[in-house]
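A quick write-up on the structure given underneath.
Protein chains get the first letters and strands the later ones, always in sequence-line order, with residue 1 at the start of each. Please read these numbers as outputs of a predicted model, since none were measured by experiment.
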Amino acid sequence: MSQRGVGWADLMRAANSGDANSYERVLRQIAAALRPLVRRGLARAGRSDTDIEDVVQEVLLAVHLKRHTWDSTRPIEPWVHAIARYKLVDALRRRDGNFDLPIDEFSEKLAAEEVSPSVSGREVERHLAQLPPGQRAVVHAVAVEGASIADAAERLKMTAGAVRVALHRGLMTLAKTLGQD
Amino acid sequence: MRTDDLVHALVADRTAGQSSIGRQFALAIAIGFAISAVLFWVTLGPRPDIAVAALTVRFDLKIVEALLLAATAVALALRLARPGAGTGLQTVLMAAAPVLLAIAVVAEMFVVPASQWQAKLVGDNSLICLTAIPLLSLPLLAAMLLALRHGAPTSRGAAGAAAGLIAGGLAAALYATQCIDDSPLFVATWYTIAIGAVTVLGAALGRRLLRW
């Protein structure tokens, strides 16, 4: 998983020209590379490991929403690291020792998901619940249920364009509210 | 939520349009400057003898200094808007306008007798200068902060300060066409204070408004 530098940059350039497969690969690779980085950062600040995936997800959201700030003629690694550092410092400052365990309608679902081999975070789910209903339904359908844009449009009786807009707005709102509390 | 699920949503959102930072900056400067220029035109307007003044070195120098400051600050802000981008060269280049101004001040002190230095420095318009430059810079500052929000500045205060220098520099270039005090001694004193205030405001606003 340490295929970095040139590898990521090539994948990201392919992603920027619309290749879904490359984008998925680069995001997964970045997530895998971020975990040890975030773990070290949290450990150094005396925080528990439970927040790792929340920070990783917050960084991934930022990488996605700010990917136009990467100059594709330059190495991508310093860019990813700078985003990760910024988000980690932000998360540490925000949580400041009293991280509340959220108890809401999603707690059951989250507990069920812990058997899954994939890693989970709590914060995105918690903030997802607070999105406007339209955005929440679309993000939930696409992310959690794995629907394609077309599937989600059919299921929610929306146009594909409206689904795209709601998805993008939902992700932007998530990134914004994640950084607020 | 599983990270894999989030990745799925991000991949589905990959087609969402994004315009480059450079384009956002160009747009912000064009719109901000247009508003400031209209504001300038209806309140102060250029001095009546501008055609003659434009032929003098002192008048041209203050315009060049202001524009140079704004241009170097644009280069710096473009770097500050990109995570991980080095700012070393751009920070060094920020010295260009102050150095030019310092050279102009020294030259002025050779040309003008010491007895007139104080009169040149105090000038006639310091209060208007201190009011007009900050006010004219506000539309530009707002536009630049909006453009920076589109970016991802990891040093929010520095990015806000750079926005303030762009706004202050361009506002100073506008105001300089009205101001009849052309001495570098006047410019180095009052323009610096006015632009400095805009820069401090930009840094304070940047710290609050440029979170992402």
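Along residues 203-212 of chain B, the residues that come nearer than 4.5 angstrom to chain A, judged on non-hydrogen atoms, are B:Leu210, B:Arg211, B:Trp212 in order of number.
At a threshold of 4.5 Å between non-hydrogen side-chain atoms, the residues A:Leu128 and B:Met1 count as touching. Side-chain contact between B:Arg14 and A:Leu27: absent, with no pair of heavy atoms (C-beta onward) separated by less than 4.5 Å.
How far CD1 of A:Ile30 is from OG1 of B:Thr3: 13.0 Å, rounded to the nearest 0.5 Å. With values rounded to the nearest 0.5 angstrom, A:His168 atom NE2 is found 5.5 Å from B:Asp13 atom CG. One finds the NE2 atom of A:His68 at 11.5 Å from the CZ atom of B:Arg23 (value rounded to the nearest 0.5 Å). The distance from the OG1 atom of B:Thr15 to the OH atom of A:Tyr23 is 10.5 Å, given to the nearest 0.5 Å.
Side chain of A:His64 to main chain of B:Ala9: no donor-acceptor pair is present (N/O by atom type, distance under 3.5 Å, no hydrogens or angles). Judged by distance alone, with hydrogens and angles left aside, the side-chain atoms of B:His8 form no donor-acceptor pair with the main-chain N or O of A:Val144 at under 3.5 Å.
In this structure, the portion of B:Ala81 lying under 4.5 Å from any heavy atom of chain A is its backbone and not its side chain. Only the side chain of B:Arg79 comes within contact range of chain A, with at least one heavy atom under 4.5 Å from a heavy atom of that chain. Interface residue A:Leu171: only side-chain heavy atoms are found under 4.5 Å from chain B. Neither the backbone nor the side chain of B:Ser20 comes within contact range of chain A; no heavy atom of the residue lies under 4.5 Å from a heavy atom of that chain. Contact of A:Asn21 with chain B is not made at all, since no heavy-atom distance falls under 4.5 Å.
In A:Arg169, the CZ atom is not crowded: 12 or fewer heavy atoms of neighbouring residues, nucleotides or ligands sit closer than 6.0 Å. Shown here is A:Glu145, whose CD atom has more than 12 heavy atoms of other residues, nucleotides or ligands within 6.0 Å. Other residues, nucleotides and ligands place no more than 12 heavy atoms under 6.0 Å from the CZ atom of B:Arg149.
Contact tally against chain A (heavy-atom pairs below 4.5 Å) for B:Val11, B:Leu10, B:Ile21: the top residue is B:Leu10. Heavy-atom pairs under 4.5 Å with chain B peak, among A:Ala82, A:Ala20, A:Pro78, at A:Ala20. The residue among B:Gly86, B:Gly151, B:Ala85 with the most heavy atom pairs within less than 4.5 Å of chain A is B:Gly151.
Contact detail for A:Lys66 and B:His150: the closest heavy-atom pair is NZ-O, 3.6 Å. Listed here is the closest heavy atom pair of A:Thr69 and B:Ala152: CG2-N, 3.9 Å.
Using a cut-off of 4.0 Å between Lys/Arg side-chain N and Asp/Glu carboxylate O, A:Arg28 and B:Asp4 are scored as salt-bridged.
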